[in-house]
Every structure is written in structure tokens, then in C-alpha cells.
Amino acid sequence: MPELPEVEVVRAGLEPAVSGARVRHVEVVDDRALTRHDGPAEDFVERLTGRTIAAAVRRGKFMWFPLVPERVGDRPEALVTHLGMSGQVLLGRGREVAKHRRILIDVQPAGTDRDGTPEEPVELEFVDQRTFGSMAIDTMVPTVDGAPAGSAGAVDERDPDAAWRRSIPTQVSHIARDPLDPAFDDDRFVAMARKRSSGIKRVLLDQGVVSGIGNIYADESLWAAKLHFDRPAERLPRADVHRLLAEVRSVLARALEDGGTSFDAQYVNVNGQSGYFSQRLAVYGQQGQPCPRCGTEIVREAFMNRSSHRCPVCQPAPRQRRR
DNA sequence: ACCACCACCTGAGTGC
DNA sequence: TGCACTCAGGTGGTGG
């Protein structure tokens, strides 16, 4: 489930199960799920087993689970997760082994039932067909702006000053904040974007400029803002970039409300259920269908070894650059 | 420093 | 049925 709304659906689904939970057992089924981990599988297992998870945090398409330090003065660490193109995290107990199960993490939740008995242990199953996703144990560094590193859901209110809030895993520190982050700096984004000579879609997809946007939501946002993907970012009026950012926010928020975009069983929440935003897509995958705004047929075009979808009338191609 | 491209994988679908 | 080829929602490293 790869772009921001899909990852947030997973984060929110995991949060109640993992916040305060203790890791009982870890099994690495396939080492390729550890490509971001600096060390062998045994090291991953050793550093995670027995630890307590503080929360579930997300920035852009990265998720991480800060681990409570074992000793005062220890460098803060987190379990980092990226779903890649085809990753899922499923919650359950004794579920049927998924075909592409890569890692299994058995946790003891912090909560108790009404009569005080501890909750049943739960398994987090990391499933990933294409193995572009991965998990890792990584050290954390302070955020450069001193603001909370990402979205942590209900924990934001409960524990706003926890030490892990203002730390970010080292391998996520180069990722820009996402547009739904309260600490996102609109003016900074607009200024950065307008320094780029490449097409505006490349800029939207550059996670170092703005995070969380992938091919679906880039196309949807550009359609909403009536901009062609190849408009040189440096030549866009400031107001247009602000307008585009507003459309990005609107698209991401609506997709999140619908539980994300699911084209098949690969993009599901922690209970294996699909989201419904695919029914509201204006252009992505809609080639041959009428533009919801003007009725013109949507076209699909090659772009960056992928494809772009647009309305030829609402989003006309830019004039060739003169030299 | 930017920018464009390529590699990393598996599986589903298409055309011959 | 089989084979070759294309495509899929991402990221990082590499050269220019």
C-alpha cells in the first residue's frame, strides 16, 4: 500500500496494537526484507526481541516504531518500515502464512481487558511480493527544525513531549516533511520547487522536496490544479505552486478518508481490507474515459519509465522551451 | 548541486 | 501451452 494515504491507513491500524507493546519473538523468513538493515538477520532479531515499542510514527511513505531505550543514555533506536511497491503489514494471530511472508513479529500488547487480564499476543506479518519494501533497526537523530518528526496519531495528544517525538531514524532524515504534517513549511516548498528546472511532476515525486506523493496522487493533484506534468517547475508562477499544494492536500485527505486506493488485494489495511478511493480517481488509470470536468478522453503517456495520465484539454502540453 | 536514468524484484496480462 | 514482452502504487545509487 504505498503512497501516503495507504501508509497512514497501515500506521493508524497498527498504532493501538503496538503502542506500549513488548516484542516477544521475531522471525525473518526472507533476508531480502532487510535490505535497509545494516547487519545480518541475527542482528535484526537480537536488537528487536524483548524491546518495548513506544508508538507508530509516519513521515511521507516511511513508518517507524520508536523503541523504548533499555538503559539511560542509550542511542535512541526505531524499527523502520517501508512498504516499497507491494508491502503490507497484517495484524492477527495464527493467520494462514501469506505466500510472500518476509518477517513475523510477535508482540504482547500493553492493554488489558475489562476484567484486568492481559490482551492476547498479536502477530505483525510483513508481506511483500516484490521485495522493494523492507524493515530495519536504525538509530535516531534529532529533527533539524526541532519539531515532531512525523504523525503519531492519538499519541500526539497523549504524550506530546516524549523524547522520541523529536527524533527521526537516520535513514529517514533526508525525507522532506509531507503536506499533512503541521510543521510542513509551504513557503519553503514553493521556493524549493521553483528552483527546479525539471517538470513539476518530477518535483512532486522527489521525496526530498515533499514526501508522501507517488504516481497516483501526483497525477490526480496535477489534474485538479490543471497543470501538465512537464511544465518546468522553475517557470511556474508562485500562486500556481501554492494552488497545486492545496490540491495535493485535498487529494491526499480525501483518499485517506476513503481508506486509500486499492486496485487489488495487494493494497490493504492491517485487516486485509481494501480502500475505496479508486472509485474517485479522475485520471489515474482512466485512459479512454471522459474527463470528469470537461468530458475529453483521458490519455496515458510514457513518463520516467512509468506513465502519466492527464486530460489533454484541462492540462495542455507546455510550449516547447525556446533557447 | 542538480538531473536523468537504471537497477532492484515478482506476478499478471497480452500477443504471437 | 509456452514464450517473450510489458506493466505495476518506490527508492537509491550512478553517472553526466
Side-chain angles (χ1 to χ4, degrees), chain A residues 1-10 29-38 58-64 80-89 98-102 126-136 138 169-176 178 191-222 229-230 232-234 248 251-252 255-256 258-269 274-278 280-281 283-287 300-309 321:
Chain A
M1 301 223 4
E3 302 182 44
L4 185 154
E6 294 77 31
V7 178
E8 175 58 21
V9 165
V10 173
V29 179
D30 190 328
D31 288 5
R32 293 177 300 175
L34 295 179
T35 48
R36 284 165 218 267
H37 181 76
D38 185 21
R58 182 194 53 74
R59 173 186 288 201
K61 306 171 195 173
F62 277 87
M63 258 186 306
W64 65 91
V80 180
T81 301
H82 196 288
L83 301 176
M85 290 280 270
S86 55
Q88 315 170 347
V89 181
K99 182 168 181 191
H100 302 291
R101 175 185 281 190
R102 307 298 183 201
F126 181 60
V127 180
D128 186 14
Q129 178 201 109
R130 292 174 72 184
T131 71
F132 291 166
S134 67
M135 287 185 158
D138 195 10
T170 308
Q171 60 182 266
V172 189
S173 59
H174 69 290
I175 300 293
D178 63 64
M192 267 178 101
R194 294 180 73 244
K195 282 181 191 153
R196 299 303 191 92
S197 60
S198 43
I200 185 63
K201 182 169 172 182
R202 279 181 190 277
V203 178
L204 285 183
L205 295 176
D206 186 337
Q207 307 295 301
V209 177
V210 53
S211 68
I213 305 166
N215 211 28
I216 295 179
Y217 300 115
D219 282 3
E220 292 297 309
S221 304
L222 288 167
F229 60 85
D230 212 19
E234 63 187 1
V248 166
V251 167
L252 293 177
L256 187 52
D258 283 357
T261 302
S262 306
F263 295 128
D264 54 43
Q266 209 145 75
Y267 304 95
V268 293
N269 69 13
S274 294
Y276 295 96
F277 193 70
S278 56
R280 304 200 205 297
L281 294 172
V283 287
Y284 187 87
Q286 306 302 305
Q287 56 273 20
R300 191 180 79 148
E301 293 160 329
F303 171 81
M304 283 174 79
N305 286 335
R306 280 219 188 88
S307 47
S308 263
H309 309 76
R321 298 183 210 193

Participant: Considering only B:dC9, C:dT11, B:dC2, which nucleotide approaches the side chain of A:Q207 most closely?
Facilitator: C:dT11
Participant: Starting from P on B:dC8, measure out to CD on A:Q129 and report it in whole angstrom.
Facilitator: 18 Å
Participant: Would you indicate whether A:Y276, at its atom OH, is surrounded by more than 12 heavy atoms from other residues, nucleotides or ligands within a distance under 6.0 Å?
Facilitator: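 Count not over threshold, so no.
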Participant: Please state whether the phosphate of B:dC3, meaning OP1 or OP2, lies under 4.0 angstrom from any side-chain nitrogen or oxygen of A:R196.
Facilitator: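 Yes.
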Participant: Report the distance from atom CD of A:Q266 to atom P of B:dA12, rounded to the nearest whole Å.
Facilitator: 9 Å
Participant: Measuring only the P atom in each nucleotide, how far is C:dG9 from B:dG13? A whole number of Å is fine.
Facilitator: 16 Å
Participant: Ignoring backbone atoms, test whether A:R36 places a side-chain nitrogen or oxygen under 4.0 Å from the OP1 or OP2 oxygen of C:dG10.
Facilitator: no
Participant: Indicate the ring-plane relationship of A:F303 and A:F229, choosing parallel, tilted or perpendicular according to the 30° and 60° boundaries.
Facilitator: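 Taking A:F229 first and then A:F303, their aromatic rings stand perpendicular (interplane angle over 60°).
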Participant: How many whole angstroms separate atom CG of A:N215 from atom C1' of C:dC7?
Facilitator: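 After rounding, the gap between these two atoms is 12 Å.
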Participant: Using only side-chain N and O atoms of A:R130, determine if any of them is under 4.0 Å from OP1 or OP2 of B:dC8.
Facilitator: no
Participant: Give a yes/no answer on whether the side chain of A:H82 brings an N or O atom under 4.0 Å of OP1 or OP2 in C:dG12.
Facilitator: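 False: A:H82 side-chain N/O out of range (4.0 Å or more) of C:dG12 OP1/OP2.
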Participant: Strictly by modelled atom types, are A:R36 and A:S134 linked by a side-chain donor-acceptor pair under 3.5 Å?
Facilitator: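 Note: A:R36 and A:S134 side chains meet the donor-acceptor criterion.
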Participant: Applying a 3.5 Å limit to both distances, which nucleotide forms a Watson-Crick or G-U wobble pair with B:dC16?
Facilitator: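 C:dG2 is the nucleotide pairing with B:dC16.
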Participant: Within the pair A:T35 and B:dC8, is there a side-chain N or O less than 4.0 Å away from OP1 or OP2?
Facilitator: no
Participant: Tell me the interatomic distance from A:L204, atom CG, to C:dG9, atom C1', rounded to whole angstroms.
Facilitator: 15 Å
Participant: Taking the P atom in each of C:dG13 and B:dC9, what is the distance between them to the nearest angstrom?
Facilitator: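 One P to the other, the span is 15 Å.
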Participant: Output the distance between atom CG (A:D178) and atom NZ (A:K61), rounded to the nearest 0.5 Å.
Facilitator: 11.0 Å
Participant: Looking only at side-chain atoms of A:S197, point me to the closest of B:dC6, B:dC3, C:dG9.
Facilitator: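 Nearest to the side-chain atoms of A:S197, counting from C-beta on, is B:dC3.
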Participant: For B:dC6, give the paired nucleotide (Watson-Crick: N1-N3 plus N6-O4 or O6-N4; G-U: N1-O2 and O6-N3; both under 3.5 Å), or none.
Facilitator: C:dG12
Participant: On DNA chain B, check which nucleotide each of A:H100 and A:M192 is closest to and give me the residue with the more 5' one.
Facilitator: A:M192
Participant: Roughly how many Å apart are C:dC5 and B:dA7, using the P atom of each and rounding to a whole number?
Facilitator: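 My reading of the P atoms in B:dA7 and C:dC5 gives 16 Å.
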Participant: Hey, does the side chain of A:R202 come within less than 4.0 Å of B:dA4's phosphate (OP1/OP2), counting only N and O?
Facilitator: yes
Participant: Tell me whether the OP1 or OP2 atom of C:dA8 has a side-chain N or O from A:S307 closer than 4.0 Å.
Facilitator: yes
Participant: Around atom CG of A:D38, are there more than 12 heavy atoms of other residues, nucleotides or ligands at under 6.0 Å?
Facilitator: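 Not more than 12 within 6.0 Å, no.
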Participant: Would you please confirm or rule out a distance under 4.0 Å between OP1 or OP2 of B:dA1 and any side-chain N or O of A:K195?
Facilitator: no
Participant: Give the rounded distance in Å between these two atoms: CD of A:Q287 and C1' of C:dT6.
Facilitator: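 To the nearest whole Å, that distance equals 14 Å.
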Participant: How many Å lie between CG on A:D128 and P on B:dG11, as a whole number?
Facilitator: 11 Å
Participant: At under 4.0 Å between heavy atoms, what does A:F263 touch on the DNA or RNA strands: base, sugar-phosphate, or nothing?
Facilitator: base
Participant: Quick check, does A:F132 stack with C:dG10? I mean ring centres under 5.5 Å and planes off by under 30°.
Facilitator: yes
Participant: Any luck finding a side-chain donor-acceptor pair between A:Y267 and A:E3 under 3.5 Å?
Facilitator: no
Participant: To the nearest angstrom, how far is A:D264 atom CG from B:dG13 atom C1'?
Facilitator: 13 Å
Participant: Could you state the atom-to-atom distance from CG of A:L83 to C1' of C:dG10 in whole Å?
Facilitator: 10 Å
